Amino acid sequence: MKNNTTNIKNKHHLTKTIAVLLSLSLTISGLNVGIARADQSPTLKVVNDDAPEEKANTLLSLIKDCVKYGIDTSEFRTSFKKAEEKYMEHLGSSDNVIEVLDTLLGQEGPKYKTTFNKLQEVINLAYEFEQAVTNADSIVITSTTIGDFKNAMSAAISKYNEYKAKYESARSTSGGVLDTCLPSTKVEYILNDKTTVIEKSSTGVLEFVTMASTRSYLERYRELLCKYNVEVGYEVLVSASCSTDALETYGLDDATEAQILEFVALVEANGGEETIEKLNGFNGDTIKKYLERFKNVKNFRDALKNVEEKPSNGAQMKVALFAYSLYEGLTEAEKKMVSASDKNALDRKCLTNTGINDLVEQIDAIEYATDDKTYATFTENYIKAYNAYKALLTKYDSLTGVERLISNREKLLDDFTKVKDLIDRIKTCLNASDIEKCGLYTVDMTRINNDYNAMTTDRKSRIYNWSLFVTLFTDTKSAYDLRIRVDKLMLALTAEDETELKSIRSDLEELKNKPECKAYNYFGQTYENKLAALEYSLYNQMKNNASKVMELIDRIGTVTAKSGNAIVKAESAYAALAPSERELVTNYATLLSARAKYDQLRIDLANASVTNIKTGYVYTHAKIKPVPVVKVDGVTLTKGIDYSVSYTSNKNVGKATVVITALETSEYKGTFKKTFKIVKDSIAGSDSGVQVSKVSSKYKYTGKKVKPVPKVTIKISSTRYTLKKGTDYTLSYKNNVKKGTATLTIKGKGNYKGTRTVKYKIVK
């Protein structure tokens, strides 16, 4: 302060001034100023200009107010902003307020200035950290931006470490002033605050601004750091001979597995699969596939380590099968990651040391038979291999997975087995006796043929005795078919079967005359005896039938006019015989002679007298059938015994005919015809049975022709028929327009004649 002691007017002013400066002890410009309590007399040594000191004092008060709060309180944020604004206002000012703060009141000024500077540095680093995180978080990671992301994250990591170091340094060197403001448990509070963000004004003032966010900058940083760590870790990993290409070239060994496991631990420590999913499509899919392949190969390696060197029982083999199944389940890319030593160990433990490779070689050494001589060797080797296969399954408790390890198992159980089975079945048929062969045809031979046709071309070529079977099959079929035809005739034999029986005999003789064909031998003597028995039976049956006809012919005896029934019966029986049976009828000539004599003796109806047929009949709507009386030489004949009656054109008007025909069984012959007429019925007269209805007596005048349509019926016997207009009658009208009496004329047509008139009136 300036020396203004002479200007102090009174004690009251001095006391007030001293009260303002109470308890402050400062060293300013090397001058000591002592300030007594309010109730003491002041001791003033030096007084200077009060502007810088007052500003420094105000700033010091703001700083003190700030440091008495923890940085996690809203009071700190408010007071820090005030102090920061005032500090920045005087920073570098011409009145040197900041410098004055260093010497103000002894040691308090520098101490609080140092404290505030450290606070500024900590908060400024927090601000810079937020900016670094914001910058890194704004980068979408792609192949072209991954470098920018890494640089941004390196800056954020550096800034985060710098912030933490500055925070700890501030606490350790503050001399206790910052203990409350910077508590050790709140090192990351500012960074982890979800509601407040630090911003810097255009004048460089740091201020806390309220924001609405679900994540703090520290949370964003940690999430980005996880991505960064995984990305960097992956690049370090694949650059250390762990790339996909290197793994597919050299395989996965213990050292490489250890390196990858370190990376797996890094991934797990940095969010695991969730972090990989958030890599924004750059290395995410690549890393995921990389780890999936590694995991599958590692699972296989772990399982392989548990496999015994020489599995000796089912339990140990089950472990080996598990490892082998894991290997088989690997993709081609994953199998490339299996080292040669692991693959060799797998083959050695699962295949070589179990005897499976020996069995595979044993199966591969089997050669197909080409004839009966080599078939014995083929069968012997097949049985040895099959027994070894069964023994292997028994050794390992018939585990189904063991079969899968035998790479050529299908060759043994499918190819060899089916080929051997078919050859054996063919040999059985070939070696069967001639009598047995037809019995083998329907089932055994047919199945052999079907099974062969279902085989592949390659497998068919292994059936060396197939051509022999084809010949056997063809010959047996011929014999079998003939047997079936014989069996059918054995069920029911009639004369109509003569042709079939002859055909069978002919076909059999044809087979018999072919020495190269064995079908005749396969047909067999038993069936040939059956065929002969059928032929003999048919001959006896035919002879018996012929004998019956011959008896009927003999019964005709002397031919008279009454021999008709006997002749017709014999003729009918003869006609029913088969052609071959007719040849056995030795008295057929007698029948022909009897017929000729009988025809000469029969009376011709042409000379008959026919009565009871009128010359004309009136149309009746029904067929007219007059019953004739037929007499020959005064003898009245009987219908149905001597003759039959038929009629032609006997319904409508015209000429009808009665036809009288002698029956074959009667003493008569020929026919007699007689005609009669059917004449029209009349619709005229009141007693004709004709009725006209539906015609009123009066009709109203319309200026047009009035044409009532009548219904015309006729009664014949007890039945009334309705006549049809245009068919049975026509209509005509007269005087049917004007008022007066009109006339309707009904004129017969077709089967009707005559006319009828009906009067009706037209009135207004």
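All figures in this text were calculated on a predicted structure; none of them were measured in a lab.
- Y480 is not listed as a side-chain neighbour of K437, based on a closest heavy-atom distance of 4.5 Å or more.
- Two residues are said to be in side-chain contact when any heavy atoms from C-beta on lie closer than 4.5 Å; L531 and L501 meet this criterion.
- Within 6.0 Å of CG on L468 lie more than 12 heavy atoms contributed by other residues, nucleotides or ligands.
- Legend: ring pair (Phe, Tyr, Trp, His ring centres under 6.0 Å) pairs involving residues 316-353, not counting sequence neighbours, sorted by first then second residue: F300-Y327.
- Residues S506 and S503 bring no donor and acceptor atom of their side chains to less than 3.5 Å of each other.
- Counting only N and O atoms by type, the side chains of N529 and Q525 include a donor and acceptor under 3.5 Å apart.
- The neighbour count for E292 CD, taken as heavy atoms of other residues, nucleotides or ligands under 6.0 Å away, is above 12.
- G271 and C226 get closest at one heavy-atom pair: N-SG, 4.4 Å.
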- Item | Audit row: I556, K569, side chain to side chain contact (heavy atoms under 4.5 Å, CB included) steps and yes/no | CA-CA 10 Å; I556 296 173; K569 189 173 183 181; over 6 Å; no
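- For residues 237-249, no pair satisfies side chain to side chain donor-acceptor pair (under 3.5 Å), with sequence neighbours left out.
- Distance check, rounded to the nearest 0.5 Å: CG of L482 to CD of E528 gives 11.0 Å.
- Of all heavy-atom pairs spanning V307 and V319, the tightest one is CG2-O, 3.9 Å.
- Formation of a donor-acceptor pair under 3.5 Å by the T145 side chain with backbone atoms of D148 is not found in this model.
- Considering every non-hydrogen atom in both K310 and Q316, the closest pair reads O-OE1, 3.8 Å.
- No hydrogens or angles considered: a donor-acceptor pair under 3.5 Å links the side chains of T417 and Y382.
- Side chain of N270 to backbone of V267: no donor-acceptor contact under 3.5 angstrom is found.
- The environment of K335 atom NZ is dense: over 12 non-hydrogen atoms of other residues, nucleotides or ligands sit within 6.0 angstrom.
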Could you check S154 against N151 for side chain to side chain donor-acceptor pair (under 3.5 Å), going step by step and ending with a plain yes or no? CA-CA 5 Å; S154 295; N151 292 335; 5.3 Å; no
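- Looking only at distances, no side-chain donor or acceptor of N283 sits under 3.5 Å from a matching main-chain atom of E231.
- Side chain of R483 to main chain of C438: no donor-acceptor pair is present (N/O by atom type, distance under 3.5 Å, no hydrogens or angles).
- No donor-acceptor distance shorter than 3.5 angstrom exists from the side chain of R462 to the backbone of V419, with no hydrogens or angles considered.
- Using a 30° and 60° split on the angle between ring planes, Y386 and Y389 fall in the tilted class, from 30° to 60°.
- Between E535 and K502 there is no salt bridge, since no side-chain N of the basic residue sits under 4.0 Å from a carboxylate O of the acidic one.
- E268 places no side-chain N or O within 3.5 Å of a backbone atom of A265 that could act as its donor or acceptor partner.
- Side-chain contact between Y368 and D415 is present, with at least one heavy-atom pair separated by less than 4.5 Å.
- Classification of D481 and R485 as a salt-bridged pair fails, no side-chain N sitting under 4.0 Å from a carboxylate O.
- Geometric assessment of K530 against the ring of Y527 yields a positive cation-pi assignment under the 6.0 Å and 45° thresholds.
- Applying the 6.0 Å contact sphere to CD of E509 captures more than 12 heavy atoms from other residues, nucleotides or ligands.
- No hydrogens or angles considered: a donor-acceptor pair under 3.5 Å links the side chains of D372 and Y464.
- Note that CG of D358 is 11.0 Å distant from CD1 of I363, once rounded to the nearest 0.5 Å.
- Within the 4.5 Å cutoff, no side-chain heavy atoms of Y588 are placed close to those of M550.
- Between the side chains of D397 and N313, no donor-acceptor pair is found at a separation under 3.5 Å.
- Counting non-hydrogen atoms of other residues, nucleotides and ligands closer than 6.0 Å to NZ of K427 gives a total above 12.
- Counting heavy atoms from C-beta outward, Y452 and I426 have side chains that stay 4.5 Å or more apart.
- You'll find the side chain of K227 reaches within 4.5 Å of the side chain of I141, heavy atoms only.
- Of the charged side-chain nitrogens involved, at least one lies within less than 4.0 Å of a carboxylate oxygen, so that E223 and K278 count as a salt-bridged pair.
- By the neighbour-count criterion of 12 heavy atoms within 6.0 Å, atom NZ of K597 is sparsely surrounded, having that number or fewer from other residues, nucleotides or ligands.
- Considering every non-hydrogen atom in both Y396 and M317, the closest pair reads CD2-CB, 3.3 Å.
- Salt-bridge check for E510 with R505: failed, with every basic side-chain N at 4.0 Å or more from each acidic carboxylate O.
- Using a distance-only test at 3.5 Å, with no hydrogens or angles considered, no donor-acceptor pair links the side chain of T476 to the main chain of F473.
- Residues N544 and S547 have side chains that never bring a donor and an acceptor to within less than 3.5 angstrom of each other.
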Extract all donor-acceptor atom pairs below 3.5 Å that involve side chains of residues 439-449 and protein atoms in other chains or at least two apart in sequence.
{"unit_1": "T446", "atom_1": "OG1", "unit_2": "Y441", "atom_2": "O", "d": "2.8"}
{"unit_1": "T446", "atom_1": "OG1", "unit_2": "T442", "atom_2": "O", "d": "3.3"}

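- Heavy-atom neighbours of K343 NZ from other residues, nucleotides or ligands within 6.0 Å: above the threshold of 12.
- Relative orientation of the F263 and Y234 rings is tilted, given thresholds of 30° and 60° on the angle between their planes.
- Using a 4.0 Å cut-off between a side-chain N of Lys or Arg and a carboxylate O of Asp or Glu, K349 and E308 do not qualify as a salt bridge.
- Counting heavy atoms from C-beta outward, I463 and M455 have side chains that approach closer than 4.5 Å.
- V486 has its side chain within reach of F523: a pair of non-hydrogen atoms, C-beta onward, lies under 4.5 Å apart.
- Judged by distance alone, the side chain of D434 and the main-chain N or O of Y522 form no donor-acceptor pair under 3.5 Å.
- Of the possible polar contacts, none joining the S537 side chain to the A533 backbone as a donor-acceptor pair under 3.5 Å is found.
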Practice item. Apply side chain to side chain contact (heavy atoms under 4.5 Å, CB included) to I406 and L392, showing your working. Key: CA-CA 10 Å; I406 305 170; L392 187 69; 4.0 Å; yes
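- Counting non-hydrogen atoms of neighbouring residues, nucleotides and ligands closer than 6.0 angstrom, the NZ atom of K289 reaches no more than 12 such neighbours.
- Between R293 and E334, no side-chain nitrogen of the basic residue sits less than 4.0 Å from a carboxylate oxygen of the acidic one, so the salt-bridge criterion is not met.
- Between C350 and I356, the shortest heavy-atom distance links the atoms O-CD1, 3.4 Å.
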Exercise. Kindly determine whether E583 and M542 satisfy side chain to side chain contact (heavy atoms under 4.5 Å, CB included), including the steps that lead there.
Key: CA-CA 10 Å; E583 293 177 2; M542 293 170 60; over 6 Å; no
* To do: Would you sort out whether R595 and E571 count as a salt bridge (Lys or Arg N to Asp or Glu O under 4.0 Å), showing the intermediate values?
  => CA-CA 9 Å; R595 165 55 66 181; E571 288 175 336; 2.8 Å; yes
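- In terms of heavy-atom proximity, A345 sits nearest to L304 at CB-CD2, 4.1 Å.
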Can you list the steps and then say if K318 with L399 is a side chain to side chain contact (heavy atoms under 4.5 Å, CB included)? CA-CA 8 Å; K318 194 171 185 179; L399 294 172; 4.2 Å; yes
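- In this structure a side-chain-to-backbone donor-acceptor pair under 3.5 Å is missing from S398 to T394.
- Using a cutoff of 4.0 Å between basic side-chain nitrogens and carboxylate oxygens, K488 and D497 are not scored as salt-bridged.
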